[in-house]
Amino acid sequence: MDFYKEATVTKLTDDLVVDILSRLTYKDFCRCKCAYKAWSAFSSDPDYRKKLPKKVTTGLLYQGHNKPAIPLVSLSQDDGEIDGILADVPHYEHLEFLDCCNGLVLCKYRSSYSSTHICRFIVCNPATREWRILPDTHPTTDDPHYVTILAFDPSWSPQFYIFNFHLRRHHGFIFGTSKLEIFQSETPTWLVDDTLDPDIDICFRTHLFVSGMLYVATGYKVLVFEGLEAMSDGVPPYHQTISLPPEASYVSNFPRGCFGKFSGILHYVLPHEWSLDCCVVFK
């Protein structure tokens, strides 16, 4: 830190510095303590310590086959495995883990708890132990199948979005999508988007939500949703498809690709036999 920056920092009062630091994540706060040693002392002050970011348990949520528990395997060796992270949710033992995104978790109540003619989702925040049951949706067939995606980016909006794709099945095979329902957390009902191409095949939940745009893998193409803000006015988001380049088409029958973003550029990695040597870059 050069002399000018250090002199500027020393002009700030302790209360103002603590107020600024309290808005950071715990990880960023630790970096600041290393960058300027005077800030590290705030963690020892009993009054300031209450306002500063605190360490939260982070890890991997999973659910075993036909098992009701949804434990969390901590990334810290000291924490180990934490069971009952969602135990505050009503009828926790009937939950089926579906998806997660930036700290929120999406679950569905099993059909053994709810009627087969009702699909009931719930969004949970394991860090705050808060949860919200979403309005029921009604399947269009007696044997419904869904691909349901949670989209949440707190750096873009405090709202979360649920995309519920109803799949068309015939003799056990998937033949596109029969209906798309979208839910926004500030609205009380689901919005049906009837403009989606019914031939779009969404068999898995490979997706990425960043800067208000949802990217979903659909085999030979990537389905992109944007303009989610318009849902507050009852307008479904705009969507388009991005075709994979010709050199990636020979491996695009592998549905389990992986999205990523680096330096503002979207990447989509597809497997080639036993290696990941095909990377598609979208600018």
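For reference, positions follow the sequence shown, starting with 1.
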Next item on the list: Give, for atom CD1 of Ile162 and atom CD1 of Ile149, the distance between the pair rounded to the nearest 0.5 Å.
Entry: 10.0 Å
Next item on the list: For Asp19, check side chain to side chain donor-acceptor pair (under 3.5 Å) against everything at least two apart and list the hits.
Entry: Arg23
Notebook entry, point to check: With sequence neighbours excluded, what pairs up with Asp136 under the side chain to side chain donor-acceptor pair (under 3.5 Å) test?
Noted result: Arg120
Item checked: side-chain contact (heavy atoms from CB on, under 4.5 Å) partners of Asp199, counting only residues at least two apart -> Arg168, Asp197
Item checked: Rounded distance [0.5 Å steps], CG in Asp193 versus CD1 in Ile182 -> 5.0 Å
Item checked: Donor on one side chain, acceptor on other, Tyr238 and Glu226, under 3.5 Å -> no
Margin query: Test your reading of the model: is there a side-chain donor-acceptor pair from Gln184 to the backbone of Gln159, 3.5 Å cut-off?
Written below: no
Checklist line | Which residues share a ring pair (Phe, Tyr, Trp, His ring centres under 6.0 Å) with Tyr215, sequence neighbours left out | finding: none
Next item on the list: Please name the pair of heavy atoms, one in Leu223 and one in His239, separated by the smallest distance, quoted to 0.1 Å.
Entry: CD1-CD2, 4.2 Å
Margin query: Just verifying a value: how many Å separate Phe225 CZ and Leu196 CG, rounded to the nearest 0.5 Å?
Written below: 5.5 Å
Next item on the list: Hey, could you give me the CG/CE distance between Leu191 and Met231, rounded to the nearest 0.5 Å?
Entry: 5.0 Å
Item checked: Backbone of Phe160 reached by a side-chain donor or acceptor of Ser185 within 3.5 Å -> yes
Note to self: Which residues pass the side chain to side chain donor-acceptor pair (under 3.5 Å) test with Asn102, not counting sequence neighbours?
What the structure shows: none
Check: What residues, two or more places apart in sequence or in another chain, satisfy side chain to side chain donor-acceptor pair (under 3.5 Å) together with Glu229?
Finding: none
